[in-house]
Peer 1: 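To start, I am sharing the structure in question, which I have written as structure tokens.
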Amino acid sequence: QTLVSAGGIFELGFFSPPGGRTYLGIRYAGIADRTVVWVANRNDPLVSTPGALRLAPDGRLLILDRQNSTVWSSPAPTRRITAGAVARLGDDGNFLLSSDGSGSPQSVAWQSFDYPTDTLLPGMKLGVDFKRRLTRNLTSWNTPTDPSPGQYTFKLVPGGLPEFFLFQGPKKIYASGPFNGAGLTGVPNLMSKDFIFKVVNSADETYYSYAITNPQLRSRFLMDGTAGVVQRYVWTNGQWSSFWYYPTDPCDTYGKCGAFGYCDTTQAPLCACLPGFQPRSTEQWNLRDGTGGCVRTTNLSCGAADGFWPVSRMKLPEATNATVHADMTLDQCRQACLADCSCRAYSAANVSGGINRGCVIWGVDLMDMRQYPAVVQDVFIRLAQSEVDALILSNRVLLHGDFAWSTIWTAVHVDELG
Ligand SMILES: *[C@@H]1O[C@H](CO)[C@@H](O)[C@H](O)[C@H]1NC(C)=O
Ligand SMILES: *[C@@H]1O[C@H](CO)[C@@H](O)[C@H](O)[C@H]1NC(C)=O
Ligand SMILES: *[C@@H]1O[C@H](CO)[C@@H](O)[C@H](O)[C@H]1NC(C)=O
Ligand SMILES: *[C@@H]1O[C@H](CO)[C@@H](O)[C@H](O)[C@H]1NC(C)=O
Ligand SMILES: *[C@@H]1O[C@H](CO)[C@@H](O)[C@H](O)[C@H]1NC(C)=O
């Protein structure tokens with residue numbers, strides 16, 4: 001027996017992968033593929049079947065085994081449950097317990113969308129709800145036939161600017177790039193014709209969510225435990241086709257070029273040092289291992305003899321430990337960076353609509369940068385002024401007549417005046 005959503009798009013029921021364990025899950029109903037998109041009891045499989053799903057009088061959903069023992073229970077409901085309470089599977093794939101049966105947002109006592117498994121469906125949130133103390137992450141299945149948690153997790157790491165990380169166990173292996181108000185700076189093709197995404201970053205919650213403009217389209221975002229990648233699939237011509245996946249290329253590997261290094265797929269070797277920096281170990285660098293990163297060519301003075309050099313085509317450095325001042329102008333940001341000896345770089349915190357707002361200050365090593373063909377936003381790297389002068393000079397020679405020259409020079413010139 002299954003529960004089928006009103007439009008026949010999803011169904012909820014028990015399923016038993018090979019191995020003798022049974023789970024309650026949600027899967028597609030209207031298409032030939034029966035991919036499971038959510039599992040209730042991934043940590044608590046049923047071993048004696050048949051199983052039963054019951055709505056207890058206290059408002060908890062229970063999974064009972066053959067002996068009527070509870071093997072899984074939803075948390076205590078957050079609303080007072082009335083006799084009219086109803087649990088219903090929606091056409092969006094959300095299994096929702098409404099305290100009064102109305103289904104209104106105010107009546108939600110529990111919903112499967114708050115407890116993602118390995119799949120993000122349109123309308124689900126990936127992130128942290130600070131008010132409700134909910135962490136919504138995607139954790140891979142252990143194996144294709146075992147829904148228990150596997151080694152890969154894709155999740156938000158809060159702090160500074162929001163950013164999503166792919167972890168293999170405790171190790172970061174990929175990062176989306178910080179959110180700068182306009183996009184995730186490491187996911188250049190996040191936006192497309194059929195998808196709308198949003199990143200919300202407020203005091204109450206921080207999350208990523210996406211919607212599909214074409215209601216006929218089926219799409220899922222999967223933490224794939226076999227390939228170790230996050231994939232967005234769309235259902236076309238009777239099969240799932242991969243719309244994109246990350247990490248995609250070697251430059252997506254987290255921290256590929258170490259501190260103050262950046263990666264560029266169009267150059268060999270892939271790793272280079274930021275202007276004003278040199279490889280920490282030339283030996284290691286020559287062996288094409290950039291993870292040791294880069295060190296300054298000239299030390300900072302920590303005073304007036306420091307300046308800034310803008311780089312503009314970069315995935316922003318990891319900013320989870322950076323400090324964000326939402327109300328500062330870019331000029332105030334520069335002053336704040338100069339006044340703080342530990343500041344290594346600054347940038348606008350929000351460039352939505354092409355307008356610089358706020359300030360982000362990196363008091364930590366600049367990690368996980370890569371270069372893109374298109375301008376992302378300016379990051380101002382703190383250098384000894386003598387290095388800045390040398391860079392201005394060499395760029396005048398190298399980029400003479402080029403549009404890039406005038407942008408770079410203008411930015412530096414403003415800095416010199418400011
Ligand atoms: C389990 O509960 C159902 C419904 O209350 C009841 O009909 C059934 O006999 C019970 N089974 C056992 C093994 O106790
Ligand atoms: C993912 O979120 C769940 C709670 O929803 C939590 O129990 C688990 O520890 C999280 N996993 C990671 C790796 O953060
Ligand atoms: C960025 O600025 C715009 C315009 O003021 C605002 O609507 C948006 O909420 C800001 N985004 C973040 C993440 O602060
Ligand atoms: C630069 O700073 C490092 C670390 O503080 C120090 O070891 C080194 O001697 C300094 N170099 C110069 C040229 O002052
Ligand atoms: C950020 O801070 C955390 C906790 O102090 C630390 O483990 C991590 O390495 C830091 N990350 C960076 C990029 O500095």
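Note that the structure is predicted; figures quoted are calculated from it, not measured. First listed ligand is number 1; within each ligand, the first listed atom is number 1.
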Peer 1: Are C294 and C257 within a span of less than 2.5 Å, counting SG to SG?
Peer 2: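 The answer is no, since C294 and C257 keep their SG atoms 2.5 Å or more apart.
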Peer 1: Which residue and atom name correspond to the protein heavy atom nearest atom 14 (O) of ligand 2, and how close is it?
Peer 2: K155 NZ, 2.9 Å
Peer 1: Indicate whether any N or O donor in one side chain lies under 3.5 Å from an N or O acceptor in the other, for W240 and D33.
Peer 2: yes
Peer 1: Among K131, K125, R132, which one satisfies salt bridge (charged side-chain N to carboxylate O under 4.0 Å, His left out) with E205?
Peer 2: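 It is K125; the other options fail the test.
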Peer 1: Using a strict 4.0 Å threshold on nitrogen-to-oxygen distance, state whether E318 and K172 make a salt bridge.
Peer 2: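 K172 and E318: salt-bridged.
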Peer 1: Give the residue and atom name of whichever protein heavy atom lies nearest to atom 9 (O) of ligand 3, and the separation in Å to one decimal.
Peer 2: N350 ND2, 4.8 Å
Peer 1: Just checking, R232 and Y210: is the charged tip under 6.0 Å from the six-membered ring centre and within 45° of the axis?
Peer 2: yes
Peer 1: Please indicate, with yes or no, if any protein heavy atom is found under 4.0 Å from atom 7 (O) of ligand 1?
Peer 2: no
Peer 1: So which heavy atom in the protein is nearest atom 4 (C) of ligand 1, and how far is it from that ligand atom?
Peer 2: R54 NH2, 3.6 Å
Peer 1: What about Y115: any of its N or O atoms under 3.5 Å from an N or O on ligand 2?
Peer 2: no
Peer 1: Do me a favour and list the nearest non-hydrogen protein atom to atom 12 (C) of ligand 1 with residue, atom name and distance?
Peer 2: N68 ND2, 3.3 Å
Peer 1: Is the shortest heavy-atom distance from the side chain of C333 to the side chain of F380 under 4.5 Å?
Peer 2: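 A side-chain contact under 4.5 Å is absent here.
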Peer 1: Tell me whether atom 2 (O) of ligand 3 lies less than 4.0 Å from at least one protein heavy-atom position.
Peer 2: yes
Peer 1: What I'd like to find out is whether the side chain of S202 reaches to under 4.5 Å of the side chain of Y207, using heavy atoms alone.
Peer 2: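 No. Closest side-chain heavy atoms not under 4.5 Å.
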Peer 1: Set out, in order, the CA-CA distance, both residues' side-chain angles and the distance that settles side-chain contact (heavy atoms from CB on, under 4.5 Å) for S5 and E11, then state yes or no.
Peer 2: CA-CA 6 Å; S5 67; E11 71 178 9; over 6 Å; no
Peer 1: What protein heavy atom sits nearest atom 11 (N) of ligand 2, and how far off is it?
Peer 2: N137 ND2, 2.9 Å
Peer 1: Numbering the atoms of ligand 1 from 1, which are under 4.0 Å from a heavy atom of R66?
Peer 2: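 Heavy-atom distances to R66 below 4.0 Å select 13 (C).
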Peer 1: Of T153, L138, T135, T139, which has the heavy atom at the shortest distance from atom 5 (O) of ligand 2?
Peer 2: T135
Peer 1: Could you check atom 13 (C) of ligand 3 against the protein and tell me its nearest heavy-atom contact, residue, atom and distance included?
Peer 2: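 Heavy-atom neighbour on the protein nearest atom 13 (C) of ligand 3: F179 CE2, 3.9 Å.
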